[in-house]
K.L.:
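Please find one structure pasted underneath; my questions will follow.
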Amino acid sequence: MSDAGGLGGVRAADVRRLTFDDNALLPSLYGQHDRHLVRIEQLLGVQLSSRGNQIAISGGAEETSLARAALLALYERLKRGQAVDQAEVDAAVRFARVGADASVPGADAIRTRKRLIQPRSPTQREYVEAIRERDLVFGLGPAGTGKTYLAVAMAVSMLIAGTVERIILSRPAVEAGERLGFLPGDMREKVDPYLRPLYDALHDMMPADQIANRLAGGDIEVAPLAFMRGRTLAHAFVILDEAQNTSPMQMKMFLTRLGEGARMVVTGDLTQVDLPPGVPSGLRDAIETLSGVEGIRFVHFTDRDVVRHDLVARIVRAYDARENRGNQRPSRP
C-alpha cells in the first residue's frame, strides 16, 4: 500500500491518495455501500472518493491527515484478520485525533471467553493500562464511555488467567428515589434489577453455562453494596459500579475491604447522583480525600469517549452545557 499527494490542480496539502495492495480487504474497509467512508467523511469533514484500490481524500490539510491515519489503522486491522464495523471506524478516528495508533495490537487487548475486547478511545486505553498497573482505580465520567464494561472485561480476563481467584461485582441499591422495601419479591428479586447491567456485561464475555457454574461455585459474586460490610476481599477483582450513589461512610467501608492480592475498580458519574437531598456523594468525597494518595489512579472520561449511539454524546454535552450556564449565573446580592 502506498499514498501520494495531489490530484489535478488541487494543492497537495488538500488532497491525498491512498493505494491499497490487497483488493480482497477493500469491501470490509469501505463498508457496505461505502458506509465506513461516509462515516469518516461525517466525522472529519473530508471527502473520500474510491476508485478500485485507491481512495482520494480531499479537505483541509489536518483533516486529510487524520482521515489517512484512520484508514491506515483500519486497513492494518483487517490485515490482521480482525473485523471492522462502525464502532471501529469511530475508534480509529478518535485515536487519530490524538496522534495515537488504533491499529497497534497486543498490550491493550482484553481476552475473554467470547471475544477480544480493545479500547475504543485513548482514555479507554489509559483506563485499561491503569487497571493492569494499579490495585485501585477510579473510572469517572458520563454514561456510555465503557467504564463498567471494560472493568468487567478486565475482571473476566484476570479470572481466566488465574491472576485473581474470584470476581465480586457490586452496586449500591439506590436508583431514582426507589426503596427496596417497596419492591415486590424476596431480597434477591429486589436487588437483581439494580445489578442487571453487571450481569449483561458478564454475558457479553462468557458463555451462560460458565457464568451459572461460576456463580454457583462462588467464583463470581454479584451483590449489593450493603453485603460487603465486615468482609475482607482478598485475591479478588472487585468492582463497585454507580459509586456516585454511595454515602461517604459506605465508600470508606467498601474501599477498606481491599485485601491481599486484590484489585479494585470504582466507577461512577457525578452528574447522575440519585441520593436523597442533603446526602453527600461518597464518590465525590473519595475523590477529594484520596487525590494524591500513592497507588490510586483516577481516570476521567468525557463525552469524547462515549462509544454508544452518537446521540448519547450530544445529550451529555447538552446537559453539561446547561449545568455550566447555571454555574456561571451571578448570585443575587
Side-chain angles (χ1 to χ4, degrees), residues 87 91 108-121 123-173 175 191-225 227-228 233 235-246 254-255 257-258 261-269 272 283 297 299 301 305-308:
D108 59 4
I110 307 170
R111 296 187 181 277
T112 69
R113 292 293 189 206
K114 278 191 173 182
R115 64 190 63 200
L116 184 71
I117 298 167
Q118 290 184 301
R120 288 180 171 172
S121 77
T123 309
Q124 285 194 353
R125 178 176 285 176
E126 176 190 353
Y127 184 53
V128 170
E129 291 173 353
I131 294 173
R132 284 198 170 103
E133 295 170 359
R134 302 294 177 91
D135 292 337
L136 176 55
V137 175
F138 286 78
L140 311 168
T145 51
K147 305 182 301 296
T148 302
Y149 188 85
L150 288 173
V152 174
M154 285 294 294
V156 170
S157 177
M158 289 187 175
L159 180 66
I160 294 171
T163 307
V164 297
E165 297 175 358
R166 54 187 174 144
I167 297 172
I168 300 174
L169 309 174
S170 185
R171 277 182 137 202
E175 297 289 340
V191 301
D192 266 2
Y194 296 99
L195 304 172
R196 178 50 51 188
L198 299 174
Y199 285 113
D200 290 343
L202 280 175
H203 280 279
D204 211 26
M205 298 161 198
M206 298 180 70
D209 60 335
Q210 291 188 22
I211 295 174
N213 291 338
R214 289 185 179 274
L215 283 168
D219 294 339
I220 298 177
E221 179 183 348
V222 186
L225 177 61
F227 289 16
M228 297 295 106
L233 307 176
H235 306 291
F237 196 114
V238 192
I239 299 172
L240 175 60
D241 191 33
E242 299 290 343
Q244 73 274 5
N245 289 328
T246 63
F254 178 80
L255 295 177
R257 300 307 94 196
L258 188 65
R263 300 287 181 92
M264 186 175 282
V265 178
V266 177
T267 69
D269 177 5
Q272 297 194 42
L283 180 59
R297 182 82 173 269
V299 179
F301 294 84
D305 300 298
V306 171
V307 293
R308 291 182 187 167

K.L.:
Once side chain to side chain donor-acceptor pair (under 3.5 Å) is applied, do any residues pair with Ser121, and if so which ones, sequence neighbours excluded?
P.N.:
Asp305
K.L.:
Which heavy atom of Ala143 sits nearest a heavy atom of Gln272, and at what distance?
P.N.:
CB-NE2, 3.9 Å
K.L.:
Could you tell me the separation between the CG atom of Leu198 and the CD atom of Glu221, rounded to the nearest 0.5 Å?
P.N.:
12.0 Å
K.L.:
Which residues pass the salt bridge (Lys or Arg N to Asp or Glu O under 4.0 Å) test with Glu129, not counting sequence neighbours?
P.N.:
none
K.L.:
Under the side chain to side chain contact (heavy atoms under 4.5 Å, CB included) rule, what do Asp269 and Thr145 come out as? Steps first, then yes or no, please.
P.N.:
CA-CA 10 Å; Asp269 177 5; Thr145 51; over 6 Å; no
K.L.:
What is the distance from atom CG of Asp200 to atom CE of Met205, rounded to the nearest 0.5 Å?
P.N.:
10.5 Å
K.L.:
Can you measure from CZ (Arg263) to CZ (Arg134) and round to the nearest 0.5 angstrom?
P.N.:
11.0 Å
K.L.:
Mind checking whether Phe237 and Leu159 have side chains closer than 4.5 Å, heavy atoms only?
P.N.:
no
K.L.:
Which atoms form the tightest heavy-atom contact between Ile239 and Val152, and what is the distance?
P.N.:
CD1-N, 3.6 Å
K.L.:
Which residues pass the side chain to side chain donor-acceptor pair (under 3.5 Å) test with Glu165, sequence neighbours left out?
P.N.:
none
K.L.:
Identify, with sequence neighbours excluded, every residue that meets ring-ring contact (aromatic ring centres under 6.0 Å, His included) alongside Phe254.
P.N.:
none
K.L.:
What's the spacing between Leu240 CG and Leu169 CG if we round to 0.5 Å?
P.N.:
10.5 Å
K.L.:
Quick one, Val238 with Arg257, criterion side chain to side chain contact (heavy atoms under 4.5 Å, CB included). Give me CA distance, side-chain angles, the key distance, then yes/no.
P.N.:
CA-CA 9 Å; Val238 192; Arg257 300 307 94 196; over 6 Å; no
K.L.:
List the residues meeting side chain to side chain contact (heavy atoms under 4.5 Å, CB included) with Ala87, not counting sequence neighbours, and say none if there are none.
P.N.:
Asp85, Arg120
K.L.:
Quick one: ring-ring contact (aromatic ring centres under 6.0 Å, His included) pairs with a partner in residues 135-165, sequence neighbours left out?
P.N.:
Phe138-Phe298
K.L.:
State, with a plain yes or no, whether a side-chain heavy atom of Val164 is found less than 4.5 Å away from one of His235.
P.N.:
no
K.L.:
Run the side chain to side chain contact (heavy atoms under 4.5 Å, CB included) test against Arg113 and tell me which residues pass, sequence neighbours left out.
P.N.:
Ile160, Met206, Pro207, Gln210, Arg214
K.L.:
Are side-chain heavy atoms of Arg171 and Pro197 found at a separation under 4.5 Å?
P.N.:
yes
K.L.:
Tell me every residue that passes side chain to side chain contact (heavy atoms under 4.5 Å, CB included) with Thr267, counting only those two or more places apart in sequence or in another chain.
P.N.:
Tyr127, Lys147, Thr148, Asp241, Val265
K.L.:
Just to verify, what does Glu126 make a side chain to side chain contact (heavy atoms under 4.5 Å, CB included) with, not counting sequence neighbours?
P.N.:
Thr123, Arg297, Val299
K.L.:
Closest heavy-atom contact between Val266 and Ala243?
P.N.:
CG1-CB, 3.4 Å
K.L.:
Indicate the atoms forming the closest heavy-atom contact of Ile110 with Ala153, along with that distance.
P.N.:
CG2-O, 3.3 Å
K.L.:
Just so I know, are the side chains of Tyr199 and Leu215 near enough to count as touching, which here means a heavy-atom distance under 4.5 Å?
P.N.:
yes
K.L.:
Kindly indicate, with the supporting measurements, whether the criterion side chain to side chain contact (heavy atoms under 4.5 Å, CB included) is fulfilled by Leu150 and Ile131.
P.N.:
CA-CA 10 Å; Leu150 288 173; Ile131 294 173; 5.6 Å; no
K.L.:
Would the distance check show the side chain of Ser170 and the main-chain N or O of Ala223 forming a donor-acceptor pair, the cut-off being under 3.5 Å?
P.N.:
yes
K.L.:
Does anything in residues 203-213 pair up under salt bridge (charged side-chain N to carboxylate O under 4.0 Å, His left out), and if so which pairs, sequence neighbours excluded?
P.N.:
Arg115-Asp204
K.L.:
Using the salt bridge (Lys or Arg N to Asp or Glu O under 4.0 Å) criterion, which residues pair with Arg111? Sequence neighbours excluded.
P.N.:
none
K.L.:
Between Arg166 and Asp219 (salt bridge meaning N to carboxylate O under 4.0 Å), is one present in this structure?
P.N.:
no
